[in-house]
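Working notes, structure below.
Note that these values count all heavy atoms, side chains included, but never hydrogens, waters or copies made by symmetry.
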Amino acid sequence: LEVSGDSYIVSTKEATLKVSGTTEVNGSTVSLRGVTDGSTLGNLVATKGALMVLEGSASSTVKADSVQLNASKLTVKNMNAAVSGKTTIDSGATLTVSNATYNTRSMEVKSQGTLVNDNGTISSTDAIVVNGGIVQGSGTFSALTLNSGKLLLGNSSGQMNFTGDLVLGDGEIQEGMVWEAAMAASHHDLKNLIAIVDCNGVQINGWTNDIMNVEPLADKWRAFGWRV
């Protein structure tokens with residue numbers, strides 16, 4: 001399926017879309033309300049200012065082999081999306097998950113790409129990797145890795161009325177990037193962030209105290225500006 005230029009597809013009541021090859025949207029609008037269960041997109045490619053809205057119900061799932069967004073916008077609303085391959089959010093593109101569930105094998109948010117979670121659930125079998133992009137929202141994220149970019153947490157009104165919980169291992173905190181993040185959290189006064197350190201004394205290659213003693217742990221966190 002190819003939708004290009006000034007052409008568009010609009011459904012206001014009920015829509016079933018079945019594509020086994022490639023769905024390519026170039027600078028056009030595809031707005032499907034009432035997407036039914038069993039709809040498939042194949043390999044979805046949206047470019048050149050394309051605008052896509054997929055809206056259904058909690059019992060409906062749209063499936064795709066992969067999703068690639070470049071300078072385009074895709075909104076998944078009030079339904080489920082299952083991507084068996086990779087989701088790529090490239091330059092100038094935005095993926096918004098609004099009161100919906102979005103599951104993908106892997107996801108990469110590249111430079112100037114944006115992932116928005118509006119009270120939804122975004123999960124990945126492998127990882128959601130942020131390489132220079134922006135991730136924002138107030139929903140649930142699974143397997144989120146921030147290499148570079150911005151993580152903006154809050155609801156659509158910008159209010160920070162929730163708490164983020166971060167679980168760390170006592171072997172993991174031997175890494176310098178953990179303390180860089182701890183220092184940044186204190187500097188930016190992130191009052192809604194809780195770090196939980198699992199002090200079980202064991203890491204992947206032996207006993208924590210034998211490899212690198214992390215104590216006095218409470219004093220270290222206090223020195224980095226945290227309440228312990």
Step-by-step side chain to side chain contact (heavy atoms under 4.5 Å, CB included) determination, Leu51 to Val30: CA-CA 6 Å; Leu51 176 62; Val30 175; over 6 Å; no
Atom pair CE (Met212) and CD1 (Ile173), whose distance is rounded to the nearest 0.5 Å: 11.0 Å
Check: Gln174/Gln203 side-chain N/O donor and acceptor closer than 3.5 Å: yes
Test item: Gln136 and Thr114 side chains (from C-beta on) under 4.5 Å apart, heavy atoms: yes
All N/O donor-acceptor pairs, side-chain side in residues 79-88, below 3.5 Å, sequence neighbours left out:
| from | atom 1 | to | atom 2 | distance (Å) |
| --- | --- | --- | --- | --- |
| Asn80 | ND2 | Ala58 | O | 3.0 |
| Asn80 | ND2 | Ser60 | O | 3.3 |
| Lys86 | NZ | Glu108 | OE1 | 3.0 |
| Thr87 | OG1 | Tyr102 | OH | 2.8 |
| Thr87 | OG1 | Thr104 | OG1 | 3.1 |

Asp37 side chain to Thr61 backbone, donor-acceptor under 3.5 Å: yes
Min side-chain heavy-atom separation Met52-Val25 under 4.5 Å: yes
Whether Glu180 side chain and Met177 backbone form a donor-acceptor pair below 3.5 Å: no
Shared hydrophobic cluster for Val202 and Ile211 (ILVMFWY, side-chain gaps under 4.5 Å): no
Test item: Thr75 side-chain N/O and Val53 main-chain N/O as donor-acceptor pair under 3.5 Å: no
For the student: nearest non-hydrogen atoms of Leu32 and Val35, plus distance: O-CG2, 3.5 Å
Common cluster, Val19/Leu69, ILVMFWY with side-chain heavy-atom separation under 4.5 Å: yes
Non-hydrogen atoms of Ser186 and Gly225 that approach each other most closely: OG-CA, 3.5 Å
Inter-residue atom distance Cys199.SG - Glu215.CD, 0.5 Å rounding: 6.0 Å
Side chain to side chain, Tyr8 and Val3, heavy atoms closer than 4.5 Å: no
Gap separating the NE2 atom of His187 from the CZ atom of Phe224, nearest 0.5 angstrom: 14.0 Å
Lys220 NZ: over 12 foreign heavy atoms closer than 6.0 Å: yes
Val62 with Val10, same ILVMFWY side-chain cluster at under 4.5 Å: no
Value rounded to 0.5 Å, distance of CG in Asn117 from CD1 in Ile122: 4.0 Å
Minimal non-hydrogen separation, Val228 against Arg222, with atom names: CG2-CG, 3.6 Å
Any side-chain donor near an acceptor of the partner, Asp118 and Ser98, under 3.5 Å: yes
Test item: side-chain donor near acceptor, Ser31 and Thr29, under 3.5 Å: no
Test item: Leu41 and Leu54 side chains (from C-beta on) under 4.5 Å apart, heavy atoms: yes
Heavy atoms of other groups near Asn205 CG, more than 12 under 6.0 Å: yes
For Ala181, all residues meeting side-chain contact (heavy atoms from CB on, under 4.5 Å), sequence neighbours excluded: none
Point-to-point distance, once rounded to the nearest 0.5 Å, from CG of Asn26 to OG of Ser28: 7.0 Å
Contact check, side chains of Leu74 and Val67, non-hydrogen atoms, under 4.5 Å: yes
Hphob cluster co-occupancy, Val116 + Val97, side-chain heavy atoms under 4.5 angstrom: no
Verdict with reasoning, Met107 to Leu95, per side chain to side chain contact (heavy atoms under 4.5 Å, CB included): CA-CA 11 Å; Met107 179 182 291; Leu95 170 60; 4.0 Å; yes
Ile128 and Leu115, any side-chain heavy atoms less than 4.5 Å apart: yes
Partner residues of Asn200 under the side-chain hydrogen bond (donor to acceptor under 3.5 Å, both in side chains) criterion, sequence neighbours left out: none
Working for side chain to side chain contact (heavy atoms under 4.5 Å, CB included), residues Thr208 and Asp210: CA-CA 5 Å; Thr208 304; Asp210 293 340; over 6 Å; no
From Thr22 atom OG1 to Gln68 atom CD, the distance as rounded to the nearest 0.5 Å: 10.5 Å
side-chain contact (heavy atoms from CB on, under 4.5 Å) partner of Asn70, chosen from Thr47, Ile89, Val45: Thr47
Plane angle bin for Trp226 and Trp221 - parallel if under 30°, tilted between 30 and 60°, otherwise perpendicular: perpendicular
Residues Ile196, Leu166; criterion side chain to side chain contact (heavy atoms under 4.5 Å, CB included); working and verdict: CA-CA 6 Å; Ile196 302 169; Leu166 175 66; over 6 Å; no
Flag for Thr16-Ser39: side-chain donor and acceptor within less than 3.5 Å: no
Residue pair Asn103 / Ser123, side-chain donor-acceptor N/O under 3.5 Å: yes
4.5 Å side-chain heavy-atom contact, Leu44 and Asp65: no
Pair Glu2, Ser4: side-chain N/O donor-acceptor within cut-off below 3.5 Å: yes
